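One structure is given below, encoded as structure tokens.
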Amino acid sequence: MPRYNPQSIEPKWQKVWLDQKTFRTPGLDTLDRSKPKAYILDMFPYPSGAGLHVGHPEGYTATDIVSRYKRMRGFNVLHPMGWDAFGLPAEQYALRTGTHPSITTKTNVDTFRRQIQSLGLSYDWDREVDTTDPSYYRWTQWIFSKLYETWYDPAIRKGRPISQLEIPSGVLAQGDKAVAEFVGSKRLAYTAEVSVNWCEAMKAVLANEEVTGEGRSVEGNHPVVKRPLKQWMLRIPLYAERLIEDLELVDWPDAIKEMQRNWIGKSHGAEVDFQVCGSSDKIRVYTTRPDTLFGATYMVLAPEHALVAQITTPAQLAEVKAYQEQAARKSDLERTDLAKGKSGVWTGAKAVNPVNGEQIPVWISDYVLATYGTGAIMAVPAHDSRDWEFAKTFDLPIIRVLDGGKPDECWEEDGPHINSSNGEISLDGLGLTDAVEKITAFLAAKGAGEPKVNYRLRDWLFSRQRYWGEPFPLIHWEDGTISLVHDSELPVRLPEMERFEPSGTGESPLANATDWLNVTDPVTGKKGRRETNTMPQWAGSCWYYIRYIDPRNAQTLIDNELAKYWLPVDLYVGGAEHAVLHLLYSRFWHKVLFDLGVVEHAEPFHKLYNQGMILAFAYEDARKATVQSSLVEERDGGWFHKETGEKLNQIVAKMSKTLGNVVTPDEVVASHGADAMRLYLMFMGPLDRAKPWQSNGIEGVHRFLSRVWRLLVDEDAENLVLKPLANTESVELERLRHQTILKVQEDIEGMRFNTAISQLMVYVNGLFEALPATPGAAAGVPGVAAETLVQLLSPFAPHLADELWSLLGRSSTLAYHPWPVGEPSKAEEDSVEIALQVNGKLRDNAKVSKSATKEELLALAKANAKVQKFLEGQVIVKEIVVPGKIVNIVAKPA
RNA sequence: GUCCCGGUGGUGGAAUCGGUAGACACAGCGGACUUAAAAUCCGCAGACCUCGGUCGUGCGGGUUCAAAUCCCGCCCGGGACACCA
């Protein structure tokens, strides 16, 4: 009767773990800090209305296995879960349904928590955080206050309190307003009228990182246009250098590090001044190829460049103005579309090339970006493809200064310089590196330029005109000053509002919360208005890993001692889609907090691991049109359309409603149990690889768990009882046991869960084989084997393991039971099978003693009949013996 | 266009300090048990042929006694970036 029944044992153990707080991590008072620690973190989810999908449990299971394993190895483990619950989708859903986002958020969180708990994950639920909880966002606001009150000191490469900023006497002399302006120009958080990415469909501003290369929103793929708005910005580029350097300190996938480096986009070059003819104005350009300066035949300014108005000649004014207006109206998409040709207008002005005195025309064009470098370039058409295209379009002169490539093609590679000399300097004959060095020194000496490092990374646009986000702790006073809400008055709560639609004007919905909006200074009677923008969703997720360590601390963000002990996060698992956004922002905030002494480590996440996406099979017909999975049947080793009978191809695709191939965790838990689901997710393949869900696969692991159950439990008995266990273990089983312990622990440490599980299967197969042929015969599975198997299985299938553990007569959970000891000496085989080769081809195998010498192996090979057959009529040329592996005899015809 | 990752049986995948390719599973085939089915257990299983071999890790070369593994050149799939001067 008592068959393996996950539906009854899983809820039972989940209740025990929850009720007894089995996975509670001690707080400061009871924490034994002499023990090693493991902070194992999942990227917390956005609790959407759709509930958990199978991708979530993949990463969660992996971290859960590591957490459970580390506990058994005697580590203090911190393994928390929480909710990234602010954000646009909740607000949009609320607007559609008329339900307040705080209500839908609560419902969704409850669903997510129930689903996650049904997977048996060993989270400490006492540490749950929710970014929308005022007691949480109080500290998000606090961190913003710190950003506002911090400036970056380039001399010591650190963020410092604004109180330590020295005000130049010249600024002091100009009065309070000038001082405020000066300080504002140094704060890490500042407000500015900027051209922003405005998404009409979302009625909100987006950060650069939230806009795709096609000029559409990452969320929802809506069109995005440029529009000037007053916004809060964060000066993340000041930390660019450290954000690049400190990638050396962390153990992250190379691909992610590379993406961050690319995003920060450091480049070395020089700034060069060009004198405008007939004017005192100079145009400063940034170039990474100062060595090509002799080939500069014209210049281009961004249409928004400040000098355009001053240098444009009256004759060109109308045309220039028209072009500027046209450019301003274009979206980034239209401006950067590579398919379109180059456009531009001559300003009428000329400037002097500082190395050869040539007067060259100054153009404006939208292919030059106002926001990068100086917003102006020197154009070297012979050696830059963009300049080449522009010069060809407008018939501008092209001078080659590098020897290489075909005569009528642009050459962007290295080569000996030509046509590059004047009376004072010559680059002719030099290669790229030498030429750059020489010309840069020359320009510096003449005061016409200097070496310069540039970053692609821009200031982070940090405000949104939405309701469902953290309010800024700021007040705009009637006298034009801005002040922070005092720490003691935090949090600034998000007001309860009935209507919170975005206005569409760029004004946040909070502007309508009249009672909340207006404030009066109790001391001076001065009137003010709260900041009505809210923070972007990234704000809450930037620092949640810190709060988990000390989640209920009402006095400070985090206790210093706890921060010292638990940080950094030892293992951080999540999807690769956060490669630049969340992970870059988080590192930036962490560095600011590091500079302020809140945390003691330069980097927040030591080891990062990206789980691959769970895909699913889908079907398409000969025209490559996809077919709903419900209309597909499998027969005769192929797939066919149920209605038309057409033969279909199996493909791998993302799970989607349209393909009808979505699998939800709830249905898998219901049909096969959480343990089977966990095991299958890990058995599918390497964690970091994308792989398709196969319903047959889950059957397979379920069968394995049933086999384990049957190995130990007497299914014929009326009640739940163990089969009789044997007292002694054969030499072979002992060896297999030690091999299994060692393999499983190595594989868990290396995050190779699929091969750990196969080893467990090998062990179970071995135990079955060793059972007496006749059922009921005296000895069953050796007791030590039974206990070890259950222990090794427990990180993977914790419900089954705890159930069997209690059947084995142990009263408490396995969660903190010491991991079994695997001894390499006992795992070693005493004989090995080696390959006998002739000329590199396998001819026979031989079982030999592990200690056999080279001579013995060679003699054995030569005595082998099959080997001899292939040596007939041959002369031996060479003999290679690798003990424990192969003997290879090289021979050639006599 | 540039960068990164990958390509192994019918399927998911093992094996990379170069040393017996295909562990473990899924699907398949055969057998046992059963009135029958399910479940379970045992066995077979890369391809090709003359049953002793030959070929075989996307394709073509190379290094080596020996290559899935290292090198060169391609092809295909996935991801990221893309007028950043």
Side-chain angles (χ1 to χ4, degrees), chain A residues 3 213-214 253-259 261-263 265-267 269 285-289 292 300 335-338 340 342 365-369 371-380 383-387 389-390 454-458 576-577 579-580 612-613 615 617 634 637-638 650 652 680 683-686 688-701 703-704 706-707 710 715 752 754-762 765 768-769 775 832-846 866 869 877-882 884-891:
Chain A
R3 298 179 56 170
E214 284 85 44
D254 288 340
I256 302 292
K257 288 189 180 185
E258 197 53 32
M259 280 162 76
R261 283 193 202 99
N262 288 342
W263 191 264
K266 182 178 182 176
S267 79
V285 303
Y286 174 69
T287 176
T288 54
R289 294 295 301 271
T292 60
V300 187
R335 284 183 62 154
T336 62
D337 185 3
L338 286 172
K340 88 169 173 50
K342 296 278 183 285
S365 172
D366 59 10
Y367 86 90
V368 173
L369 307 173
T371 47
Y372 184 77
T374 60
I377 62 155
M378 64 177 207
V380 184
H383 307 291
D384 181 290
S385 59
R386 298 152 301 184
D387 297 345
E389 205 188 317
F390 191 83
N454 244 318
Y455 301 94
R456 211 182 66 118
L457 186 66
R458 312 285 158 80
E577 67 272 18
V580 279
M613 203 186 301
L615 305 168
F617 286 120
E634 187 178 358
Q650 190 182 52
V652 171
Y680 176 57
F683 187 59
M684 287 170 83
D688 59 357
R689 210 168 312 166
K691 44 213 172 280
W693 179 274
Q694 301 181 85
S695 39
N696 288 328
I698 185 101
E699 303 270 353
V701 294
R703 208 171 294 158
F704 167 69
S706 305
R707 240 165 103 76
R710 220 176 306 117
E715 291 198 300
R752 292 180 298 268
N754 53 333
T755 49
I757 294 167
S758 10
Q759 181 62 38
L760 288 169
M761 289 173 169
V762 168
N765 290 345
F768 263 105
E769 268 164 41
V832 280
E833 194 163 70
I834 64 157
L836 305 180
Q837 298 183 338
V838 176
N839 287 333
K841 285 190 180 175
L842 181 69
R843 294 308 172 188
D844 205 358
N845 292 314
K866 288 182 183 168
K869 196 182 127 191
V877 184
K878 198 170 179 181
E879 292 155 341
I880 293 120
V881 183
V882 183
K885 299 277 185 187
I886 60 144
V887 177
N888 186 15
I889 298 172
V890 186

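Since we're looking at a predicted model, the values are computed, not measured. Order of the sequence lines fixes the chain letters, A, B, ..., with proteins taken first and strands second; residue numbering starts at 1 for each chain.
- Ranking B:C26, B:C55, B:A85 by closeness to the A:N696 side chain, first place goes to B:C26.
- Heavy-atom neighbours of A:M613 CE from other residues, nucleotides or ligands within 6.0 Å: at or below the threshold of 12.
- Distance, A:D688 CG to B:A80 C1': 16 Å, rounded to whole Å.
- Side-chain atoms of A:N888 come within 3.5 Å of backbone N or O of A:G840 as a donor-acceptor pair.
- Toward the 5′ end of RNA chain B lies the nearest nucleotide of A:E699, the other residue of the pair A:E699 and A:S267 mapping further downstream.
- Taking every heavy atom of both residues into account, A:A891 and A:N839 meet most closely at N-OD1, 2.9 Å.
- Spacing between B:A27 and B:A38 at atom P, rounded to whole Å, works out to 13 Å.
- Remark: A:R707 qualifies as a cation-pi partner of A:F768 under the 6.0 Å distance and 45° angle criteria applied to the six-membered ring.
- Atom CD of A:E715 and atom P of B:A39 are 14 Å apart (whole Å).
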Under 3.5 Å, which N/O atoms of the protein pair with N/O atoms of nucleotides 21-25 of chain B?
| residue | atom | partner | partner atom | Å |
| --- | --- | --- | --- | --- |
| B:A25 | OP1 | A:N765 | ND2 | 2.9 |

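- Summarising the geometry, the separation between CZ on A:F617 and C1' on B:A27 is reported as 11 Å, rounded to the nearest angstrom.
- B:G58 and B:G53 are spaced 27 Å apart, taking the C1' atom of each and rounding to whole Å.
- Side-chain nitrogen and oxygen atoms of A:K885 include none within less than 4.0 Å of the OP1 or OP2 phosphate oxygen of B:G18.
- B:G31 and B:A45 are spaced 15 Å apart, taking the C1' atom of each and rounding to whole Å.
- Of the P atoms belonging to B:A23 and B:A15, the separation is 12 Å, rounded to the nearest Å.
- For A:P686, counting side-chain heavy atoms from C-beta on, the closest listed nucleotide (B:C83, B:G13, B:U54) is B:G13.
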Could you list the protein-to-nucleotides 4-9 of chain B atom pairs, N/O on both sides, closer than 3.5 Å?
none

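- Of the C1' atoms belonging to B:A66 and B:G19, the separation is 7 Å, rounded to the nearest Å.
- Across all non-hydrogen atoms, the minimal contact from A:F390 to A:K342 is CD1-CB, 3.7 Å.
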message = If a pair means Watson-Crick or G-U wobble with both distances below 3.5 Å, what does RNA chain B look like in dot-bracket form, with | marking bases paired to a different strand?
response = (((((((..(((......[....))).(((((.......))))).((((..))))..(((((..]....))))))))))))....
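- Comparing the P positions of B:A14 and B:G7 gives a spacing of 9 Å, expressed to the nearest Å.
- The separation of B:U57 from B:A68, taken at their P atoms, amounts to 7 Å, rounded to a whole angstrom.
- Regarding contacts with the backbone of B:A39, every side-chain N or O of A:R710 stays at 4.0 angstrom or more from both OP1 and OP2.
- What separates OH of A:Y680 from C1' of B:G12 is a distance of 7 Å, to the nearest Å.
- Both A:R843 and A:N454 lie close to RNA chain B; mapped to their nearest nucleotides by heavy-atom distance, the more 5′-ward contact belongs to A:R843.
- Taking atom P in both B:C41 and B:A25, the straight-line distance is 11 Å, to the nearest Å.
- Here the P atom of nucleotide B:G78 and the CD atom of A:E577 are 18 Å apart, to the nearest Å.
- What separates OH of A:Y372 from P of B:A82 is a distance of 13 Å, to the nearest Å.
- In this structure, A:D387 contributes its side chain and A:V380 its backbone to a donor-acceptor pair below 3.5 Å.
- With hydrogens and angles ignored, the 3.5 Å screen pairs a side-chain donor or acceptor of A:R458 with a backbone N or O of A:R456.
- Contact check for A:I377 versus A:Y286: no side-chain heavy atoms found under the 4.5 Å cut-off.
- Within the 4.0 Å cut-off from OP1 or OP2 of B:G53, at least one side-chain nitrogen or oxygen of A:K869 is found.
- Among all heavy-atom pairs drawn from A:V285 and A:T374, the shortest one is CA-OG1, 3.3 Å.
- In the set B:A39, B:A82, B:A85, the nucleotide with an atom closest to the side chain of A:R3 is B:A39.
- Between the side chain of A:Y680 and the main chain of A:Q694, a donor-acceptor pair closer than 3.5 Å is present.
- Atom CD in A:Q694 sits about 10 Å away from atom P in B:U11, given to the nearest Å.
- Between the base of B:C65 and the side chain of A:N888 there is a donor-acceptor pair shorter than 3.5 Å.
- Of all non-hydrogen atoms in A:A835 and A:N845, the two that sit nearest each other are CA-OD1, 3.9 Å.
- Judged by the 6.0 Å and 45° rule, A:K266 forms no cation-pi pair with A:Y455.
- For the pair A:K878 and B:C65, the criterion of a side-chain N or O lying under 4.0 Å from OP1 or OP2 is met.
- Closest approach of A:I256 to A:A576, counting heavy atoms only: CD1-CB, 4.4 Å.
- A syn orientation is assigned to B:G9, its glycosidic angle lying within 90° of 0.
- Rounded to whole Å, the distance from CD1 on A:I880 to P on B:A66 is 8 Å.
- Taking the six-membered ring for Trp and the full ring otherwise, A:W693 and A:F617 have centroids separated by 6.0 Å or more.
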